Amino acid sequence: RALLDTPLRVKTPLCEAGRIAICAGVNAEASRAAILLSNFNTPDDSICVHVRKLPWTATTRFELFLVNGQHNFEKTRSGILPPDGRLELPELTPPSVALVTLSP
(Lines give C-alpha, C1' and ligand atoms only; values in the text may rest on other atoms or scores of the structure.)
Protein backbone atom coordinates (compact mmCIF):
# COMPACT_ATOMS: atom_id res chain seq x y z
CA ARG A 1 0.00 0.00 0.00
CA ALA A 2 2.81 2.44 0.81
CA LEU A 3 4.07 2.37 -2.77
CA LEU A 4 0.67 3.63 -3.97
CA ASP A 5 1.46 6.98 -2.33
CA THR A 6 4.04 7.45 -5.11
CA PRO A 7 2.03 6.36 -8.18
CA LEU A 8 4.20 7.87 -10.94
CA ARG A 9 6.47 4.93 -11.80
CA VAL A 10 10.10 5.59 -12.63
CA LYS A 11 12.58 3.48 -14.56
CA THR A 12 14.44 0.89 -12.52
CA PRO A 13 17.10 -1.59 -13.62
CA LEU A 14 16.06 -5.00 -14.85
CA CYS A 15 16.21 -7.58 -12.11
CA GLU A 16 17.01 -11.24 -12.16
CA ALA A 17 13.87 -13.33 -11.75
CA GLY A 18 13.69 -15.18 -8.45
CA ARG A 19 16.45 -13.09 -6.86
CA ILE A 20 15.75 -9.33 -6.62
CA ALA A 21 12.69 -7.29 -7.59
CA ILE A 22 12.45 -3.50 -7.56
CA CYS A 23 9.77 -0.90 -8.22
CA ALA A 24 9.97 2.86 -7.66
CA GLY A 25 7.75 5.90 -7.95
CA VAL A 26 7.28 9.58 -7.22
CA ASN A 27 4.15 11.35 -6.01
CA ALA A 28 2.29 13.85 -8.22
CA GLU A 29 3.68 16.82 -6.29
CA ALA A 30 7.25 15.57 -6.78
CA SER A 31 7.82 15.90 -3.03
CA ARG A 32 8.22 12.23 -2.16
CA ALA A 33 9.68 9.12 -3.76
CA ALA A 34 9.67 5.46 -2.78
CA ILE A 35 11.59 2.33 -3.73
CA LEU A 36 10.23 -1.12 -3.00
CA LEU A 37 12.80 -3.93 -3.06
CA SER A 38 12.36 -7.63 -2.53
CA ASN A 39 15.30 -9.96 -2.03
CA PHE A 40 14.06 -13.46 -2.77
CA ASN A 41 17.40 -15.21 -2.96
CA THR A 42 20.51 -13.33 -3.99
CA PRO A 43 23.99 -14.45 -2.95
CA ASP A 44 25.22 -10.83 -2.70
CA ASP A 45 26.45 -9.75 0.73
CA SER A 46 24.88 -6.31 0.41
CA ILE A 47 22.34 -4.73 -1.88
CA CYS A 48 23.18 -1.22 -3.07
CA VAL A 49 20.70 1.23 -4.59
CA HIS A 50 21.88 4.17 -6.67
CA VAL A 51 19.26 6.94 -6.55
CA ARG A 52 19.45 9.41 -9.45
CA LYS A 53 17.44 12.24 -10.99
CA LEU A 54 15.25 13.06 -8.01
CA PRO A 55 12.75 15.86 -8.74
CA TRP A 56 14.26 18.17 -6.11
CA THR A 57 17.68 19.65 -5.48
CA ALA A 58 17.54 19.83 -1.68
CA THR A 59 19.27 17.37 0.62
CA THR A 60 17.38 14.07 0.57
CA ARG A 61 16.26 12.24 3.68
CA PHE A 62 15.53 8.52 3.61
CA GLU A 63 13.66 6.08 5.81
CA LEU A 64 14.01 2.32 5.54
CA PHE A 65 11.14 0.00 6.48
CA LEU A 66 11.90 -3.71 6.59
CA VAL A 67 9.92 -6.95 6.50
CA ASN A 68 11.81 -10.14 7.37
CA GLY A 69 11.97 -12.73 10.16
CA GLN A 70 12.73 -10.04 12.76
CA HIS A 71 10.80 -6.98 11.48
CA ASN A 72 7.17 -6.49 10.47
CA PHE A 73 7.34 -3.35 8.28
CA GLU A 74 9.21 -1.45 10.98
CA LYS A 75 11.39 1.58 10.39
CA THR A 76 14.88 0.19 10.91
CA ARG A 77 16.98 3.11 9.70
CA SER A 78 16.77 6.74 8.59
CA GLY A 79 19.24 9.39 7.57
CA ILE A 80 20.53 11.62 4.80
CA LEU A 81 21.13 10.17 1.35
CA PRO A 82 24.81 10.67 0.41
CA PRO A 83 25.46 13.19 -2.40
CA ASP A 84 26.37 10.36 -4.79
CA GLY A 85 22.92 8.78 -4.23
CA ARG A 86 24.39 5.46 -3.14
CA LEU A 87 22.44 3.68 -0.41
CA GLU A 88 23.85 0.42 0.96
CA LEU A 89 21.26 -2.03 2.29
CA PRO A 90 23.16 -4.76 4.17
CA GLU A 91 20.00 -5.58 6.14
CA LEU A 92 18.19 -6.74 2.98
CA THR A 93 19.20 -10.39 3.34
CA PRO A 94 16.99 -13.06 1.77
CA PRO A 95 14.12 -13.43 2.18
CA SER A 96 13.14 -9.84 2.90
CA VAL A 97 11.28 -6.82 1.56
CA ALA A 98 12.25 -3.19 2.08
CA LEU A 99 10.56 0.12 1.40
CA VAL A 100 12.84 3.14 1.12
CA THR A 101 11.04 6.49 1.27
CA LEU A 102 12.79 9.65 0.07
CA SER A 103 11.90 13.28 0.67
CA PRO A 104 13.64 16.68 0.57
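The structure presented is a predicted model; accordingly, all values stated were derived computationally and were not measured.
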Distance (rounded to the nearest 0.5 Å) between Leu54 CG and Leu102 CG
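The CG atom of Leu54 sits 6.0 Å away from the CG atom of Leu102.
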Distance, nearest 0.5 Å, that separates CG of Leu8 from CZ of Arg32:
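If I round to the nearest 0.5 Å, the distance is 13.5 Å.
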State plainly whether one hydrophobic cluster holds both [X] and [Y], where clusters connect Ile, Leu, Val, Met, Phe, Trp and Tyr through side-chain heavy atoms under 4.5 angstrom apart.
X	Y	result
Ile20	Leu66	yes
Leu3	Val67	yes
Ile22	Val100	yes

With sequence neighbours left out, what residues match Arg19 under salt bridge (charged side-chain N to carboxylate O under 4.0 Å, His left out)?
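Arg19 satisfies salt bridge (charged side-chain N to carboxylate O under 4.0 Å, His left out) with Glu16 only.
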Candidates Val49, Leu99, Leu64 - the one meeting side-chain contact (heavy atoms from CB on, under 4.5 Å) with Leu37
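It is Val49; the other options fail the test.
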Would you say the side chain of [Y] lies within less than 4.5 Å of the side chain of [X], judging by non-hydrogen atoms?
X	Y	value
Leu89	Arg77	yes
Ile35	Val51	yes
Thr6	Arg9	yes

So, using ring pair (Phe, Tyr, Trp, His ring centres under 6.0 Å) as the criterion, who are the partners of Phe62 when residues are at least two apart?
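So Phe62 forms no ring pair (Phe, Tyr, Trp, His ring centres under 6.0 Å) with any residue.
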Residues forming a ring pair (Phe, Tyr, Trp, His ring centres under 6.0 Å) with Phe40, sequence neighbours excluded
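Not a single residue meets the ring pair (Phe, Tyr, Trp, His ring centres under 6.0 Å) criterion with Phe40.
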Under a 3.5 Å distance rule, please check whether Ser96 uses its side chain to pair with a backbone N or O of Thr93 as donor and acceptor.
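Side chain of Ser96 to backbone of Thr93: a pair is present.
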Tell me whether Arg86 is salt-bridged to Glu88, with the criterion being a basic N under 4.0 Å from an acidic carboxylate O.
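Salt bridge between Arg86 and Glu88, a charged N being under 4.0 Å from a carboxylate O: yes.
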